[in-house]
Amino acid sequence: MVDRIVPATTPAQRDEVETLLGARDEGLVVAEPFLQWVVEDRFAGPRPAWERGGATFTDDVAPYERAKLRLLNGAHSYLAYAGSLAGHATLADAVADPALAAGARALQADAIATLEAPDGVDLAVYAEQLLERFANPATGHTTRQVAMDGTQKIPVRWGGTLADLLAAGTVPPGVVGALAAWAAYVVAETRAGRSVDDPRADELRALVTGAADDGAAVAALVRLPGLLPELPGGAGDRDRVVDAVVEAAGAGRPVDAP
């Protein structure tokens, strides 16, 4: 598992490096300072000593993968939808908004309750470091860019946390808030006449335009087949989640926000 934010290299960055080195590098890669490389130590024979370069070797990479998906990727998606609704163009701007940072922390708190911490990792510290990384303006991540493909990302980024906490008898408020932000984003984009960048965009548009009002649109979106995982309580759990998301969307920012 590799974790490092690597934005697209710009011509200006190539120019800057050419000035520093005296040579043009068209293959330049620009990255954030943070780097995590986790490898399962299962080799057929001798292996390179990658740990000398900072790699982590482990018997099981799965806990690291789950933590990244639920904490990093999950919060990234939430900030994209909520940030766009709030008028923020970049993830750095979104995470600097105290209300949105609180929402991201609520989602991360839900996720931490479901995770097994990898050896030597403090998940609470890791989660807070993620928000600091998102605040780096040099990454250049835009809210609209990260908001792409929500129907493909939500099941793996939020679905596991949702199912695990419902199995424990809790409707997770952070996940509910994130789902409300996504649904409100889709409604807002559709009402504004903009197409959502998603492989199921036509389905999303039909659900919103066919709904009697915004609340009904939010409910229909959350019921989209395949968006949520199989829930332990079946239809009853799904109804509880949908009701909570509709309530959260109504209590949040207007769905016609910019």
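Keep in mind that the numbers below use all heavy atoms, side chains included, and drop hydrogens, waters and symmetry copies.
The local environment of CD in Glu116 is sparse, with at most 12 non-hydrogen atoms from other residues, nucleotides or ligands closer than 6.0 Å. In the displayed structure, Asp119 atom CG is contacted under 6.0 Å by at most 12 heavy atoms of other residues, nucleotides or ligands.
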Would you list the atom pairs, donor with acceptor, under 3.5 Å between side chains in residues 224-239 and any protein atom, with sequence neighbours excluded?
residue	atom	partner	partner atom	Å
Asp237	OD1	Arg240	NH1	2.9
Asp237	OD2	Gly233	N	2.7
Arg238	NH2	Pro229	O	3.3
Asp239	OD1	Arg223	NH1	3.2
Asp239	OD1	Arg223	NH2	2.8

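Closest of all the heavy-atom pairs between Pro155 and Gly150 is CD-O, 4.2 Å. The two residues Ala183 and Val218 have their closest heavy-atom pair at CB-CG1, 3.8 Å.
With rounding to the nearest 0.5 angstrom, the CG atom of Leu69 is 9.5 Å from the CE atom of Met1. Note that CG of Leu72 and CZ of Phe34 are 8.0 Å apart. Values are rounded to the nearest 0.5 Å. One finds the CG atom of Asp93 at 11.5 Å from the CG atom of Leu79 (value rounded to the nearest 0.5 Å). Leu123 contributes atom CG, which lies 11.0 Å from atom CD of Gln129 (distance to the nearest 0.5 angstrom). To the nearest 0.5 angstrom, Ile5 atom CD1 is 6.0 Å from His141 atom NE2. Taking CZ of Arg105 as the reference point, atom CG of Leu100 lies at 11.5 Å (rounded to 0.5 Å).
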Working for salt bridge (charged side-chain N to carboxylate O under 4.0 Å, His left out), residues Asp3 and Arg133: CA-CA 12 Å; Asp3 176 12; Arg133 291 167 61 193; 2.9 Å; yes
Does the pair Val241 and Val245 meet the rule for a side chain to side chain contact (heavy atoms under 4.5 Å, CB included), with working shown? CA-CA 6 Å; Val241 171; Val245 172; 4.1 Å; yes
Assess the residue pair Gln108 and Leu130 against the criterion (side chain to side chain contact (heavy atoms under 4.5 Å, CB included)); give the C-alpha distance rounded to whole Å, side-chain angles, the decisive distance to 0.1 Å, and a yes or no. CA-CA 10 Å; Gln108 290 177 323; Leu130 292 174; 3.9 Å; yes
Are Val175 and Leu165 close enough, and set up right, to give a side chain to side chain contact (heavy atoms under 4.5 Å, CB included), and what steps lead you there? CA-CA 10 Å; Val175 178; Leu165 289 179; 5.6 Å; no
Going through the checks in order, is the side chain to side chain contact (heavy atoms under 4.5 Å, CB included) test met by Thr56 and Gln36? CA-CA 8 Å; Thr56 298; Gln36 184 182 40; 5.5 Å; no
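The shortest side-chain heavy-atom distance between Phe57 and Val38 does not fall under the 4.5 Å cut-off. Using a 4.5 Å cut-off on side-chain heavy atoms (C-beta onward), Leu107 and Trp158 make contact. At a threshold of 4.5 Å between non-hydrogen side-chain atoms, the residues Asp15 and Arg24 count as touching. Put simply, the side chain of Asn73 reaches to within 4.5 Å of the side chain of Lys68, judged on heavy atoms. Proximity of Phe134 to His76: side-chain heavy atoms (C-beta onward) are separated by under 4.5 Å at one or more points. Between Tyr81 and Thr143, every side-chain heavy-atom pair lies at or beyond the 4.5 Å cut-off. Side-chain contact check for Gln13 versus Leu28: some heavy-atom pair is nearer than 4.5 Å. The shortest side-chain heavy-atom distance between Thr58 and Pro118 does not fall under the 4.5 Å cut-off.
Remark: the backbone N or O of Ala80 is not paired with any side-chain donor or acceptor of Ser84 at under 3.5 angstrom. Judged by distance alone, the side chain of Glu18 and the main-chain N or O of Ala23 form no donor-acceptor pair under 3.5 Å. Using a distance-only test at 3.5 Å, with no hydrogens or angles considered, no donor-acceptor pair links the side chain of Asp149 to the main chain of Gln152. Remark: side-chain polar atoms of Lys153 are not paired, donor with acceptor, to backbone N or O of Ala147 under 3.5 angstrom. At distances below 3.5 Å, at least one donor-acceptor pair connects side-chain atoms of Arg4 with backbone N or O atoms of Glu32. Distance alone, capped at 3.5 Å, is enough to place a donor-acceptor pair between the Thr190 side chain and the Val186 backbone. Counting only distance, with no hydrogens or angles, the side chain of Arg42 and the backbone of Asp59 share a donor-acceptor pair below 3.5 Å.
Under a hydrophobic-cluster definition in which Ile, Leu, Val, Met, Phe, Trp and Tyr are linked whenever side-chain heavy atoms come within less than 4.5 Å, directly or via other members, Leu91 and Val30 are assigned to different clusters. In the hydrophobic clustering of this structure, Trp37 does not group with Tyr126; members are Ile, Leu, Val, Met, Phe, Trp, Tyr whose side-chain heavy atoms approach within less than 4.5 Å, directly or through other members. With hydrophobic clusters built from ILVMFWY side chains whose heavy atoms lie under 4.5 angstrom apart, Val2 shares a cluster with Val39.
No side-chain donor-acceptor contact under 3.5 Å links Thr139 and Asn136. For Arg157 and Ser77, the side-chain atoms include at least one donor-acceptor pair closer than 3.5 Å.
A salt bridge is absent between Arg70 and Asp110: the closest approach of a Lys/Arg side-chain nitrogen to an acidic carboxylate oxygen does not fall below 4.0 angstrom. Between Glu189 and Arg144 there is a salt bridge, since at least one side-chain N of the basic residue sits less than 4.0 Å from a carboxylate O of the acidic one. Of the charged side-chain nitrogens involved, at least one lies within less than 4.0 Å of a carboxylate oxygen, so that Glu26 and Arg14 count as a salt-bridged pair. Salt bridge absent: Asp164 and Arg66 never bring a charged side-chain N and a carboxylate O closer than 4.0 Å. Using a 4.0 Å cut-off between charged side-chain N and carboxylate O, Arg47 and Asp41 make a salt bridge.
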